[in-house]
Amino acid sequence: MNFDLSMENIQIRGMVRDFIAKEIQPNLKYYEENRLFPKPIFQKMGKAGFFGACFPERFGGSELGFLNLTIIAEEISKAHPSLGYAFNMQAMTCPFTILNWGTEEQILKYVPDLIKADKIGMFALTESGGGSDPAGSMKTTARLDGDEYVLNGSKAWITFANEADVGVLFAKTDVNAGHNGISAFIIETDRSGFTANPLEISALGYMTRSCDVFLEDYRIPKENLLGKEGEGFKIAMNALDYGRLTVSSRLVGIAQGCIDESLKYCHERVVSGKPIGEYQMIQHLIADMVVETDGARLLSYRSGYLKDKGEAATRQSSYAKYFASEVAAKVTRSALEIFGGNGISDDYPIMKYVNYANMLHFGEGSANIQRILIANDALGLKNANRHHISRRFSLSSDLTKEAVKES
Ligand SMILES: Cc1cc2nc3c(=O)[nH]c(=O)nc-3n(C[C@H](O)[C@H](O)[C@H](O)COP(=O)(O)OP(=O)(O)OC[C@H]3O[C@@H](n4cnc5c(N)ncnc54)[C@H](O)[C@@H]3O)c2cc1C
């Protein structure tokens with residue numbers, strides 16, 4: 001067993017840090033203050049190969065693999081947790097689901113543009129009736145009419161639906177068949193009948209937008225069915241399984257961001273004649289923050305490492321997501337304590353980290369849902385998301401790719 005990152009992993013992490021310092025940090029304020037979607041930043045990330053990390057070169061991917069994906073996601077989320085949200089849409093839930101389940105034509109038509117961020121992606125599963133039980137709450141329907149499907153219904157909380165060009169969306173093709181009546185579709189948002197209304201939620205910050213989505217007699221060619229009719233639930237659970245990998249590393253990025261800020265603050269902030277880092281109770285907080293974040297990172301790396309070996313790592317991704325969400329909640333709370341009143345000031349990024357740590361508690365299955373999956377697995381009971389499906393395309397073993405060298 002070897003816990004060291006390889007030279008290649010370290011080089012990639014350094015390259016991502018340089019990219020963030022040069023391309024992201026100087027521009028973030030402009031997009032935040034003007035409430036603009038940072039598409040040019042996305043496109044630069046796409047060109048650098050970040051979104052294409054787990055995609056074969058022949059579809060425009062950089063073939064860096066899943067472990068490197070966790071490293072990239074952590075750094076991006078640390079830079080700004082809002083960009084981490086976008087990262088999942090652009091690297092995983094939308095294009096990776098098309099890669100895993102699409103035909104060669106579908107992959108060639110959508111994936112290269114998505115992972116370069118020339119097109120923006122979304123993943124639309126949740127409905128207002130409850131995200132924890134997507135099959136039970138799903139009211140959106142799809143009816144075959146000649147060569148087209150006609151979709152009607154609505155979706156809730158869909159990240160960047162107002163900016164998206166393409167999405168993976170789930171609807172019932174058979175309302176009487178439970179899980180087996182759900183199908184997945186690749187939708188194009190410029191067709192009539194599609195509306196996305198961004199929600200005004202201050203906790204999200206300016207760059208992330210969640211939207212209500214409405215489909216009214218929305219028509220799509222039948223070639224846009226993803227997988228087979230009735231396979232939608234399996235596709236959704238498989239997509240969330242891969243999504244959990246990056247959600248855990250994004251939570252680690254949030255926790256690490258808080259640690260970095262807290263360490264600086266502990267040296268700078270002098271109270272009663274001493275830097276606060278010299279007070280033992282503050283040191284206890286720091287010790288817990290550092291150790292627990294490291295544990296969450298190791299769990300996240302492990303699921304990336306196992307996926308690189310071709311294993312499904314469903315259980316391990318659930319462990320990583322669950323533990324990282326608990327750690328990020330605790331670490332952000334500790335950072336608030338260290339910063340005192342300044343923790344909520346806009347001069348420091350702590351509240352951003354707090355908000356996103358809390359939001360990510362729900363993403364890709366809430367903490368309770370992870371507990372259910374993990375306990376069922378330990379008890380040998382049936383798990384709803386146990387679809388041990390490996391990815392369809394293996395990546396080459398020579399992982400240092402042109403995209404990295406160029407950056
Ligand atoms: C910022 C943000 C962005 C999002 N982006 C997307 C997106 O792009 N695409 C998308 O499809 N969805 C998205 N979501 C939705 C997200 O996936 C859901 O919020 C999540 O699945 C939880 O669903 P819910 O909010 O409806 O909570 P509910 O399902 O109503 O659950 C409420 C509470 O009850 C608990 N609970 C539910 N069932 C059980 C049970 N059986 N046992 C014990 N406890 C239970 C849950 O853990 C939770 O604590 C986003 C959400 C947020 C907040």
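One-based numbering, in listed order, for ligands and for the atoms of each.
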So is [X] polar-close to ligand 1, meaning N/O to N/O under 3.5 Å?
X      : value
Ser132 : yes
Phe123 : yes
Glu364 : no
Ser210 : no
Leu125 : yes

Within a distance under 4.0 Å of any heavy atom of [X], pick out the atoms of ligand 1 and give their elements.
X      : result
Ile158 : 7 (C), 8 (O), 9 (N), 10 (C), 11 (O)
Gly130 : 26 (O), 29 (O)
Met359 : 1 (C)

Using the test ring-ring contact (aromatic ring centres under 6.0 Å, His included), find all partners of Phe42 that sit at least two apart in sequence or belong to another chain. Phe37
Identify whether NZ of Lys or CZ of Arg in Arg250 sits under 6.0 Å from the centre of the six-membered ring of Tyr85 and within 45° of that ring's axis. yes
Between Tyr242 and Lys307, is there a cation-pi geometry (under 6.0 Å to ring centre, at most 45° from the normal)? yes
Between [options], flag the one that comes closest to [atom] by a heavy atom.
atom                    : options                : value
atom 46 (C) of ligand 1 : Ser366, Ala367, Gly365 : Ser366
atom 26 (O) of ligand 1 : Ala124, Gly129, Gly131 : Gly131
atom 15 (C) of ligand 1 : Asp133, Thr126, Thr93  : Thr126
atom 42 (N) of ligand 1 : Leu199, Ile372, Asn355 : Ile372

From the list Ile158, Thr93, Leu169, side chain to side chain contact (heavy atoms under 4.5 Å, CB included) with Phe123 holds only for Thr93
Side chain to side chain contact (heavy atoms under 4.5 Å, CB included) partner of Pro81, the single match among Ile76, Asn355, Ile254, Leu360: Ile254
Strictly under 6.0 Å, is that where the ring centroids of Phe96 and Phe55 end up? yes
Evaluate the side-chain proximity of Glu364 to Thr246: yes if any heavy-atom separation is below 4.5 Å, no if none is. no
Arg209 and Leu199: which non-hydrogen atoms are nearest, and at how many Å? CD-O, 4.3 Å
Within-shell test, Met89 vs ligand 1, heavy atom, strictly < 4.0 Å: yes
With a 4.0 Å cut-off on heavy atoms, is Tyr85 touching ligand 1? yes
According to salt bridge (Lys or Arg N to Asp or Glu O under 4.0 Å), does anything in residues 331-341 pair up with another residue at least two apart or in another chain? List the pairs. Arg333-Glu337
Counting only heavy atoms, which portion of Lys155 has something under 4.0 Å from ligand 1: side chain, backbone, both, or neither? neither
First locate atom CE of Met45, then atom CZ of Phe51, and finally report the distance between them rounded to the nearest 0.5 Å. 4.0 Å
